[in-house]
Amino acid sequence: MLHDPIMSAQKIQVAVIGGGLVGLSTALCIIECLPQCSVTVISEEFSPNTTGDVAAGCLIPHVYPDTPLHQQKAWFKETFNYLFKIANSSEASEAGIYLISGWQIFKSAPKEVYPFWSETVLGFRIMDETELAKFQSYKFGQAFTTLKCQASQYLPWMEKRFKSKGGYVEKRKVIDVWDLHGTYDVVVNCSGLGSRDLFGDQSIYPVQGQVLEVNAPWIKHFIRDGDGSTYIYPGISYVTLGGTRKKDDWSCLPNAQTSKVILERCCHLEPSLYGAPVIQEKAGLRPTRSALRIVKDVLVKNGQQLPVIHNYGHGGGGFSIHWGTANEATKLLQQLIPFIHHFKLVSKL
Ligand SMILES: Cc1cc2nc3c(=O)[nH]c(=O)nc-3n(C[C@H](O)[C@H](O)[C@H](O)COP(=O)(O)OP(=O)(O)OC[C@H]3O[C@@H](n4cnc5c(N)ncnc54)[C@H](O)[C@@H]3O)c2cc1C
Ligand SMILES: O=C(O)CCC(=O)C(=O)O
């Protein structure tokens, strides 16, 4: 849909920077909750070239050390409940959302036998000895059912839904956020690692991750080493094997030697994977910070003001909390609306 400035002149003009998982979900949430807003997603890249397109997409929280745990818990629950409804609807197949059961296993019992998310996933229980016997050298395990998003379907599904509600998308890089001033009343920053250059945030850094997609349709359960190093996640048409976590590595090129190591580790967990044909190798950059940044701010330059909502820093856990953080950013935008109306009036005088 083309942007019609006359039709949307009365509305609050919102620019969402970033068309990855976080940008699309935030834009969709805003357009669904705040009908007084006209929303445009501006992004250098969209699916299939975003971080989410590399991810396994499993709902299993990653902990952000400097974000209060009660918030992380609430965002995970909101995301789980939202996706669970989609998984139980006729949209499930197009959206690529489904339930998945499996095991998280440990070489010795972890400090937290019942993690904070254990009440949200379905049927969480400690594995018994018979089940654990499948995994030599693992002494403790958790079995549960969670959800998984197939990014190659979920991201385009969100974009389609957003456009069907009147949202606009533009593929371009924003060089200076002030270039949006005048056309847009408020900017929502979901640019992930782009926040380094765009907003001068030096505390966000990449944690590079590599995965393999293999053809192994007999694998029906996920298996995750509790230390997060190795995982096997069956998807709709392939099984994702991972992983690696390389801090400050900016390369998105998969490395052949790393693939070999990942495959060896996964075969150790699930020997039936020996010989499974590799379909694809991928690497992506987790936009990482010690705390998520979800705040409102007002930039000031030469007497001009530009309200900004930030929503970034989802690291290795974006799928697990994205709908909760989209709701949070939408609430912050709602709080700004009276001020934005005021700015609009003042600038017309
Ligand atoms: C190997 C791997 C496995 C993972 N597995 C899981 C998992 O199983 N479960 C889970 O919960 N999470 C997982 N994740 C994490 C998850 O993928 C990320 O948290 C999430 O995708 C981050 O989304 P984002 O939208 O913030 O970032 P991105 O997808 O990086 O999006 C940022 C967007 O901003 C755009 N942009 C940046 N700067 C500018 C600019 N100046 N102008 C215009 N556009 C700009 C970019 O083009 C991009 O589209 C995994 C990640 C990796 C790498
Ligand atoms: O950690 C996992 O089990 C899922 C994959 C993931 O989140 C990651 O590699 O960042």
Side-chain angles (χ1 to χ4, degrees), residues 15-27 41-64 75-76 79-80 83 100 102 104 117 146-151 154-155 158-159 169-177 179-180 187 189-199 204 206-213 222-233 235 240-246 249 252 254 258 262 281-289 292-293 310-323 325-326:
V16 175
I17 308 178
L21 171 71
V22 175
L24 284 180
S25 54
T26 304
V41 175
I42 305 172
S43 191
E44 189 177 8
E45 295 292 350
F46 287 90
S47 181
N49 298 318
T50 72
T51 310
D53 294 284
V54 176
C58 193
L59 269 71
I60 179 151
H62 156 106
V63 175
Y64 305 88
W75 293 331
F76 178 61
T79 307
F80 192 95
L83 293 177
I100 180 172
Q104 170 156 248
W117 44 267
T146 185
L147 287 152
K148 189 168 174 311
C149 307
Q150 176 91 20
Y154 185 52
L155 297 176
M158 274 200 290
E159 188 178 327
V169 298
E170 272 182 45
K171 189 174 183 308
R172 68 177 163 106
K173 181 171 183 168
V174 178
I175 305 295
D176 181 342
V177 68
D179 295 344
L180 303 177
V187 168
N189 172 35
C190 303
S191 66
L193 287 170
S195 305
R196 242 180 128 85
D197 287 344
L198 217 42
F199 293 91
I204 184 153
V207 175
Q208 193 237 37
Q210 183 163 322
V211 293
L212 310 184
E213 292 171 359
F222 72 81
I223 305 169
R224 179 182 202 266
D225 189 313
D227 68 9
S229 59
T230 307
Y231 48 77
I232 298 167
Y233 287 113
T240 303
L241 309 183
T244 57
R245 295 174 201 272
K246 290 190 191 159
D249 185 334
C252 289
T258 305
I262 292 173
E281 300 158 82
K282 289 180 174 175
L285 309 180
R286 303 174 181 90
T288 308
R289 262 178 131 255
L292 283 143
R293 187 155 187 238
H310 293 285
N311 180 13
Y312 67 93
H314 292 64
F319 281 91
S320 310
I321 54 166
H322 68 283
W323 196 253
T325 56

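When reading the values below, keep in mind they use all heavy atoms of this one structure, side chains included, and skip hydrogens, waters and symmetry mates. In each ligand, atom 1 is the first atom listed, and ligand 1 is the first ligand listed.
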> Between Lys246 and Val207 (side chain of the first, backbone of the second, donor and acceptor by atom type, cut-off under 3.5 Å), is there such a pair?
no
> Within the distance-only criterion (no hydrogens, no angle test), does the side chain of Arg286 pair as donor or acceptor with the backbone N or O of Gln208 below 3.5 angstrom?
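Checked: pair present.
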> Check ligand 1 against Gly317 and write out every atom of the ligand that is under 4.0 Å from a heavy-atom position of the residue.
10 (C), 11 (O), 12 (N), 15 (C)
> Side chain, backbone, both or neither: which applies to Val211 and ligand 1 if a contact is any heavy-atom pair less than 4.0 Å apart?
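Side chain only.
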> Can you tell me if Gly243 contacts ligand 1 (heavy atom of the residue under 4.0 Å from the ligand)?
no
> Show, in sequence, the C-alpha distance, side-chain angles and deciding distance for Leu24 and Thr50, and conclude whether the side chain to side chain contact (heavy atoms under 4.5 Å, CB included) test is met.
CA-CA 11 Å; Leu24 284 180; Thr50 72; over 6 Å; no
> Can you report which non-hydrogen protein atom sits closest to atom 35 (C) of ligand 1, along with the distance?
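Nearest neighbour among protein heavy atoms for atom 35 (C) of ligand 1, to 0.1 Å: Ser43 OG, 3.5 Å.
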> Using a plain distance cutoff, I'd like to know if Ile17 has any nitrogen or oxygen under 3.5 Å from a nitrogen or oxygen of ligand 1.
no
> Which heavy atom of Gly19 sits nearest a heavy atom of Ser43, and at what distance?
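Smallest heavy-atom distance, with atoms named: N-OG, 2.8 Å.
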> Closest heavy-atom contact between Gly18 and Val41?
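The answer is O-CG1, 3.5 Å.
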> Should Arg293 and Ile204 be marked as a side chain to side chain contact (heavy atoms under 4.5 Å, CB included) after you check the CA-CA gap, both sets of side-chain angles, and the distance that decides it?
CA-CA 10 Å; Arg293 187 155 187 238; Ile204 184 153; over 6 Å; no
> In this structure, does ligand 1 have an atom that sits under 4.0 Å from one of the heavy atoms of Gly57?
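Contact present.
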> Which atoms of ligand 1 are found less than 4.0 Å from any heavy atom of Gly194?
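Those atoms are 37 (C), 38 (N).
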> Please write down residue, atom name and distance for the protein heavy atom closest to atom 21 (O) of ligand 1.
Gly52 N, 3.3 Å
> Which ligand 1 atoms are under 4.0 Å away from a heavy-atom of Gly284?
53 (C)
> Can you classify the ring geometry of Tyr231 versus Tyr233 as parallel (below 30°), tilted (30 to 60°) or perpendicular (above 60°)?
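If you compare the ring of Tyr231 with that of Tyr233, the planes turn out tilted.
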> Which protein non-hydrogen atom lies closest to atom 26 (O) of ligand 1, naming both residue and atom, and how far is it?
Val22 CG2, 3.2 Å
> What protein heavy atom sits nearest atom 37 (C) of ligand 1, and how far off is it?
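Here the nearest protein heavy atom works out to Ser191 O, 3.3 Å.
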> Considering only heavy atoms of Gly18, which atoms of ligand 1 have at least one such atom less than 4.0 Å away?
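In order of numbering, the contacting atoms are 33 (C), 34 (O), 35 (C).
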> For a quick check under 3.5 Å, do His310 and Ser195 share a side-chain donor-acceptor pair by atom type?
no
> Just jot down the ligand 1 atoms closer than 4.0 angstrom to any heavy atom of Val174, in number order.
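Under 4.0 Å from Val174, ligand 1 has these atoms: 40 (C), 41 (N), 42 (N), 43 (C).
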> Does the pair Leu21 and Cys190 meet the rule for a side chain to side chain contact (heavy atoms under 4.5 Å, CB included), with working shown?
CA-CA 9 Å; Leu21 171 71; Cys190 303; over 6 Å; no
> Indicate the ring-plane relationship of Phe319 and Tyr154, choosing parallel, tilted or perpendicular according to the 30° and 60° boundaries.
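Taking Tyr154 first and then Phe319, their aromatic rings sit tilted (interplane angle of 30° to 60°).
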> So how far is it from Leu212 CG to Leu241 CG, rounded to the nearest 0.5 Å?
5.5 Å
> Where the side chain of Thr244 meets the backbone of Gln210, is there a donor-acceptor pair that is under 3.5 Å apart?
yes
> Measure across Val54 and Gly284 and return the closest heavy-atom pair with its distance rounded to 0.1 Å.
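Minimum heavy-atom separation between Val54 and Gly284: CG1-N, 3.7 Å.
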> Can an N or O of Gly316 be found at a distance shorter than 3.5 Å from an N or O of ligand 1?
yes
> When you look for heavy atoms under 4.0 Å from ligand 1, do you find them on the side chain of His62, its backbone, both, or neither?
neither
> In the protein, which heavy atom is nearest to atom 3 (C) of ligand 1, and how far is it?
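Sorting protein heavy atoms by distance from atom 3 (C) of ligand 1 puts Ala55 CA, 3.5 Å first.
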> What are the two closest non-hydrogen atoms of Ser47 and Asp53, and how far apart are they?
OG-OD1, 2.7 Å
> Purely on distance, is any nitrogen or oxygen of Glu45 under 3.5 Å from one on ligand 1?
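N/O-N/O distance under 3.5 Å: yes.
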> Let me know which protein residues bring a heavy atom to under 4.0 Å of ligand 2; chain then number is fine for ordering.
Ile60, Arg224, Tyr231, Tyr233, Arg245, Arg286, Gly316
> Just to be sure I read this right, does ligand 1 sit under 4.0 Å from the backbone of Thr51, its side chain, both, or neither, counting only heavy atoms?
both
> Might you point out which heavy atoms bring Tyr64 and Arg289 nearest each other, and give the distance in Å?
CD2-O, 4.5 Å
> Number the atoms of ligand 1 from 1 as they appear, then name those within less than 4.0 Å of a heavy atom of Leu198, with their elements.
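Selected atoms, number and element: 41 (N).
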> For atom 31 (O) of ligand 1, which protein heavy atom lies nearest, and how many Å away is it?
Gly20 CA, 3.7 Å
> Which heavy-atom pair separates Val169 from Phe46 by the least distance, and what is that distance?
CB-CZ, 4.1 Å
> Any nitrogen or oxygen of Phe46, main chain or side chain, under 3.5 Å from a nitrogen or oxygen of ligand 1?
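N/O-N/O distance under 3.5 Å: no.
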> Among all the protein's non-hydrogen atoms, which is closest to atom 19 (O) of ligand 1, and how far away is it?
Gly315 O, 2.7 Å
> Taking N or O atoms only and a 3.5 Å limit, does Glu44 qualify as a polar contact for ligand 1?
yes
> Is the backbone N or O of Gly316 less than 3.5 Å from a side-chain atom of Arg245, with the two atoms forming a donor-acceptor pair by type?
no
> Quick check: does Ile60 get an N/O under 3.5 Å from an N/O on ligand 1?
no
> So which protein heavy atom does atom 51 (C) of ligand 1 come closest to, and at what separation?
Arg286 CG, 3.7 Å
> With atoms numbered from 1 as shown, which atoms in ligand 1 lie under 4.0 angstrom from a non-hydrogen atom of His314?
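The atoms of ligand 1 under 4.0 Å from a heavy atom of His314 are 19 (O).
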> Quick one: does any side-chain atom of Ser191 pair with a main-chain N or O of Ile17 as donor and acceptor, under 3.5 Å?
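No, because the side chain of Ser191 does not come within donor-acceptor range (under 3.5 Å) of the backbone of Ile17.
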> Regarding ligand 1, does Ser320 bring an N or O atom to under 3.5 Å of one of the ligand's N or O atoms?
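For ligand 1, there is an N or O atom that lies under 3.5 Å from one belonging to Ser320.
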> May I ask you to list the atoms of ligand 1 that are less than 4.0 angstrom from any heavy atom of Arg172?
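Answer for ligand 1: 43 (C).
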